[in-house]
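Read the numbers this way: they start at 1 and go in the same order the structure lists the ligands and their atoms.
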Amino acid sequence: MSRVRRADAAGLAAAVGALRAGELVGMPTETVYGLAAIIDPAHPDAVERIFTAKGRPADNPLIVHLEAMESLGGVARTVTPLAHRLATACWPGPLTLVLDASDAVPRTVTAGLDTVAVRVPDHPVALALLRELDAPIAAPSANRSGRPSPTLAAHVEAEFGAEVALVLDGGPADIGLESTVVDVRGEVPVVLRPGAIDAEMLAEIAGGVDHATSPASTSASPGTRYRHYAPDCRVHLLAPDSAVSFASDIAASGAAVGLVAAGLEDLDRRVTVLARPTDAADLARVLYASLREAEVLGLDDLVVASVEETGIGRAVMDRLRRAAGRR
Ligand code: TXA
Ligand code: MG
């Protein structure tokens, strides 16, 4: 029987019951689906179950989800003026803030770090769940470690089956890429993972922005060290004007090829077109589903046309390079 449940009153009540019993629940958010566990001193095992189910390295910390900004003081030791400013401007929304952690945050959540990553998701189902649970939720993306993040309830079920008590169906994720992660302990936000809240927006709100580029600062966001988003087929990232000819060439040599690109002129008929995104935001929405579909169809190669690295395009290209195994 399917574990996907409608997010009506009965579905929410079942999810709250499961979380209170220390079980895992698939939770929709505006970015991607999360694998939720209650943060509760009475259930230390719940958060540990996330690491086991995902096969997640124990040194990769989880994001704490809150229902409202007012609870931030409970998980952060110090709410810096910068954090306050960004939270006010962007929450609920796809922005995760890294701050010094309060003693109330179990170190299983932070993977032993003294900092905590926290956000208020902009999805009515996630917010209703947090409100009724009346406790913070730890939730990484609901994929096994190294795999594409889920953007549909069905993806979570395919990934975890009976390891989740249920998956609340919140429809397709609006954004399709994980939240922007920024270190806001200092005066200027430092981007640890790009997302839909882009550098230009952060600079506008905060008066400046930095990017974690050196190996030392990258280690401040442990998750970015690992290879990610990789499906079981080769992923090729091509300039828009050469994607079609490249896909056609490898299809002609006998490979099963998929394509994600807007223009299709002169495309070899053996190539399977998975999506025709109109811009970077549209590609963000369909990217992970396309990676999964390429697997389901048993394709050997997936060719994706690149986008400009401005706005959300920077985040899209970051994920695509990882999927293509280029970092
Ligand atoms: O959009 C999202 O953020 C989704 C939804 C479900 O909220 N969640 C998500 O979680 O993408 P996850 O676990 O897949 O990615 C969390 C990222 C990882 O790169 C992790 O290393 C980083 O946030 N992170 C967590 N805590 C951190 C901390 N204290 N300092 C630096 N980076 C941290
Ligand atoms: Mg993830």
- Side chains of L72 and V118: closer than 4.5 Å at any heavy-atom pair?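 Yes, at least one pair of side-chain atoms sits under 4.5 Å.
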- Query: Considering only heavy atoms from C-beta outward, does the side chain of L133 approach that of R20 to under 4.5 Å?
  - Reply: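 L133 vs R20: side chains touch.
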- Please name all residues satisfying side-chain contact (heavy atoms from CB on, under 4.5 Å) with E295, sequence neighbours left out, ordered by chain then number.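 With sequence neighbours excluded, E295 shows a side-chain contact (heavy atoms from CB on, under 4.5 Å) to R147, P231, D232, given in chain and number order.
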Is it the side chain (CB and beyond), the backbone, both or neither of [X] that lies under 4.0 Å from ligand 1, heavy atoms counted?
{"X": "R185", "value": "neither"}
{"X": "D183", "value": "neither"}
{"X": "M27", "value": "neither"}
{"X": "T115", "value": "both"}

- Considering A111, P121, A36, P61, which one's heavy-atom position lies nearest to atom 25 (C) of ligand 1?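 Minimum heavy-atom distance to atom 25 (C) of ligand 1 goes to P61.
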- Task: First locate atom OG1 of T151, then atom CZ of R292, and finally report the distance between them rounded to the nearest 0.5 Å.
- Result: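 Here the rounded value is 7.5 Å.
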Per-atom contacts, ligand 1 versus [X] - under 4.0 Å to a heavy atom:
{"X": "T31", "result": "1 (O), 2 (C), 4 (C), 5 (C)"}
{"X": "V98", "result": "30 (N), 31 (C)"}
{"X": "A117", "result": "25 (C), 26 (N), 27 (C), 29 (N)"}
{"X": "S179", "result": "1 (O), 2 (C), 3 (O)"}
{"X": "G34", "result": "6 (C)"}

- Message: Less than 3.5 Å apart, any donor N or O on the side chain of T96 or S179 sitting next to an acceptor on the other?
- Response: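 Their side chains do contain a donor-acceptor pair, which is all the 3.5 Å distance test asks for.
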- Message: Less than 3.5 Å apart, any donor N or O on the side chain of E293 or Y288 sitting next to an acceptor on the other?
- Response: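 Per modelled atom types, E293 and Y288 side chains form no pair under 3.5 Å.
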What about [X]: any of its N or O atoms under 3.5 Å from an N or O on ligand 1?
{"X": "N60", "value": "yes"}
{"X": "Y33", "value": "no"}
{"X": "E178", "value": "no"}
{"X": "H65", "value": "yes"}

- Item | Non-hydrogen atom of I63 closer than 4.0 Å to ligand 1 |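 Yes, I63 has heavy atoms under 4.0 Å from ligand 1.
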- Query: So is A139 in contact with ligand 1, going by heavy-atom distances below 4.0 Å?
  - Reply: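 A139 counts as a contact of ligand 1 under the 4.0 Å cut-off.
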- R321/S306 under side chain to side chain donor-acceptor pair (under 3.5 Å): CA gap, chis, key distance, verdict: CA-CA 10 Å; R321 287 203 188 91; S306 62; over 6 Å; no
- Main-chain N/O of G146 paired to K54 side chain as donor or acceptor, under 3.5 Å: no
- Query: Does T80 use its side chain to pair, donor to acceptor, with the backbone of V184 at less than 3.5 Å?
  - Reply: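 Answer holds: yes.
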- Between D301 and R234, is there a salt bridge with N-O shorter than 4.0 Å?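 D301 and R234: salt-bridged.
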- Message: I'd like to know if D318 and R322 make a salt bridge, using a cut-off of under 4.0 Å between side-chain N and carboxylate O.
- Response: yes
- Task: Please find out if the Mg ion (ligand 2) and some N, O or S atom of S141 are separated by less than 2.8 Å.
- Result: yes
